[in-house]
Amino acid sequence: MKKIILTAALCLPLHVSAQPSSQVAWTADQLNFVKAGDPAKGEQLSKTCSGCHGENGISISPNNPSLAGQLATYLYKQLQDYSNGDRQDPMMNAIAKGLSQQDAADLSVWFASQPPAFQSRSPMVYEKAEALVKDGSRDRILPPCEVCHGGDGKGQVMDMPGLSGQNAAYTSATLKAFKTGERHNDIYRRMRLIAESLSDQEIEELGYYYQNIRN
Ligand code: HEC
Ligand code: HEC
């Protein structure tokens, strides 16, 4: 009995918390605001990002995500989420808090305009990953990744990011963070619901699979 009460108590805060996953709402005004970002200003501001995200947004460190060619609206949302504390990373929380919304829009538009990352094409075939990307999993009621992230992993519609060419280590790490709930800024839990039912091995493979797609 004690055990049941304890388990219930541990679970409770998760279930009663009604905190929204993100404070960004995609209204027409919000979209137009990001679209109207000034890439020239963004380029200037990006000098402070290049140590970690690379000269033109192609990160050399496998743990830091590349930003080049990513959807501007996705980048903007992440910067707002870091700034509001809805996505946790001590370094990025501090950096994003120091940016105005205009800075964030300028940076997002500039990074989006840069030629996307491409690491290396390994001859490995990632069959499990490919099946998940193209067919999903009926047993687990998982939709194919490409329904949302696009057939070529280029991303689409506002907040569904491009994955192709991204550093495998980063992709796997962020999928694991969705799986444990440490990352929870996905509106409607769209990524957590999926990542929760992926094995760590599948997550690893998916990272390499997407890194090897040329974008
Ligand atoms: C000290 C290193 C460092 C600096 C400087 C830095 N970043 Fe980051 N950034 C990171 C790391 C590490 C992550 C991944 C953190 C995580 O897992 O949430 C990240 C994540 C991001 C993301 C999320 C990307 C995605 O695919 O979800 C964006 C957007 C971003 N940074 C933008 C910026 C911008 C714009 C600047 C400059 C104003 C900047 N960063 C400066 C290290 C850095
Ligand atoms: C129902 C739509 C949907 C499906 C299906 C889906 N995703 Fe996502 N995914 C999203 C959304 C939306 C986000 C952005 C969440 C946010 O706002 O931060 C995302 C984010 C991600 C990210 C974070 C990217 C970054 O730069 O940080 C990765 C990695 C990812 N998805 C991988 C996958 C993989 C692998 C699959 C298939 C197993 C998959 N997704 C299936 C909607 C989806």
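Whatever order the structure lists them in is the order used to number ligands and atoms, beginning at 1.
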Check your understanding: Looking only at heavy atoms, is any part of Leu45 under 4.0 Å from ligand 1, and if so is it the side chain, the backbone, or both, or is it neither?
Key ->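 It is neither part, as no heavy atom is under 4.0 Å.
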Exercise for review: Tell me which part of Thr48 gets within contact of ligand 1: side chain, backbone, both or neither, using heavy atoms under 4.0 Å.
Suggested key: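 The part of Thr48 near ligand 1 is both the backbone and the side chain.
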Review point. Which residue from Lys77, Arg183, Met92, Gln80 reaches closest to atom 19 (C) of ligand 1 through any of its heavy atoms?
Key: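 Minimum heavy-atom distance to atom 19 (C) of ligand 1 goes to Met92.
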Check your understanding: Does Ser59 use its side chain to pair, donor to acceptor, with the backbone of His53 at less than 3.5 Å?
Key ->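 It does not hold such a pair.
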[X] heavy atoms, cut-off 4.0 Å: which ligand 2 atoms fall inside?
| X | answer |
| --- | --- |
| Cys148 | 1 (C), 2 (C), 3 (C), 4 (C), 5 (C), 42 (C), 43 (C) |
| Thr174 | 23 (C), 27 (O), 29 (C) |
| Tyr170 | 25 (C), 26 (O), 27 (O) |
| Met160 | 12 (C) |

Review point. Under 30°, 30 to 60°, or over 60°: which ring-plane class applies to Tyr208 and Tyr126, parallel, tilted or perpendicular?
Key: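 Parallel: the ring planes of Tyr208 and Tyr126 meet at under 30°.
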Tell me, which protein residue and heavy-atom name are nearest [atom], and how many Å apart are they?
| atom | value |
| --- | --- |
| atom 14 (C) of ligand 1 | Pro65 CD, 3.6 Å |
| atom 2 (C) of ligand 1 | Cys52 SG, 1.9 Å |
| atom 29 (C) of ligand 1 | Leu75 CD2, 3.7 Å |
| atom 18 (O) of ligand 1 | Tyr82 OH, 2.7 Å |
| atom 37 (C) of ligand 1 | Cys49 SG, 1.9 Å |
| atom 17 (O) of ligand 1 | Arg87 NH2, 3.7 Å |

**Study point:** Spacing of CG belonging to Asn64 relative to SG belonging to Cys49, to within rounding of 0.5 Å
**Key:**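 Separation between the atoms: 11.5 Å.
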**Study point:** Non-hydrogen atom of Leu67 closer than 4.0 Å to ligand 1
**Key:**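 Yes.
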Exercise for review: Could you tell me whether the side chains of Asp106 and Gln44 share a donor-acceptor contact shorter than 3.5 Å?
Suggested key: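 No.
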Check your understanding: Does the side chain of Gln80 come under 3.5 Å of the side chain of Asn84 through a donor N or O and an acceptor N or O?
Key ->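 No.
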Exercise for review: Answer yes or no: does an N/O atom from Tyr210 fall short of 3.5 Å to an N/O atom of ligand 2?
Suggested key: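 N/O-N/O distance below 3.5 Å does not exist for this pair.
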Check your understanding: With a cut-off of 4.0 Å, which atoms of ligand 1 are near a heavy atom of Gln78?
Key ->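 Answer for ligand 1: 27 (O).
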Check your understanding: Would one find an N, O or S atom of Met191, in either backbone or side chain, under 2.8 Å from atom 8 (Fe) of ligand 2?
Key ->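 A backbone or side-chain N, O or S atom of Met191 is under 2.8 Å from atom 8 (Fe) of ligand 2.
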Review point. Does His53 put an N, O or S atom under 2.8 Å from atom 8 (Fe) of ligand 1?
Key: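 Yes.
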Check your understanding: Short check: any N/O/S atom of Asn64 below 2.8 Å from atom 8 (Fe) of ligand 1?
Key ->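 It does not; every qualifying atom lies at 2.8 Å or beyond.
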Exercise for review: Only one of Arg189, Arg190, Lys179 passes salt bridge (charged side-chain N to carboxylate O under 4.0 Å, His left out) with Glu196; say which it is.
Suggested key: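 Filter result, single survivor: Arg189.
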Review point. What closest approach, in Å, do Val109 and Val34 show between heavy atoms, and which atom pair accounts for it?
Key: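 Minimum heavy-atom contact is CG2-O, 3.1 Å.
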Review point. Between Asn185 and Arg183, which heavy-atom pair has the shortest distance, and what is it?
Key: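 Reported closest heavy-atom pair: OD1-NE, 2.9 Å.
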Check your understanding: Based purely on interatomic distance, does Tyr74 place a nitrogen or oxygen under 3.5 Å from a nitrogen or oxygen of ligand 1?
Key ->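 Between Tyr74 and ligand 1, an N or O pair is found under 3.5 Å apart.
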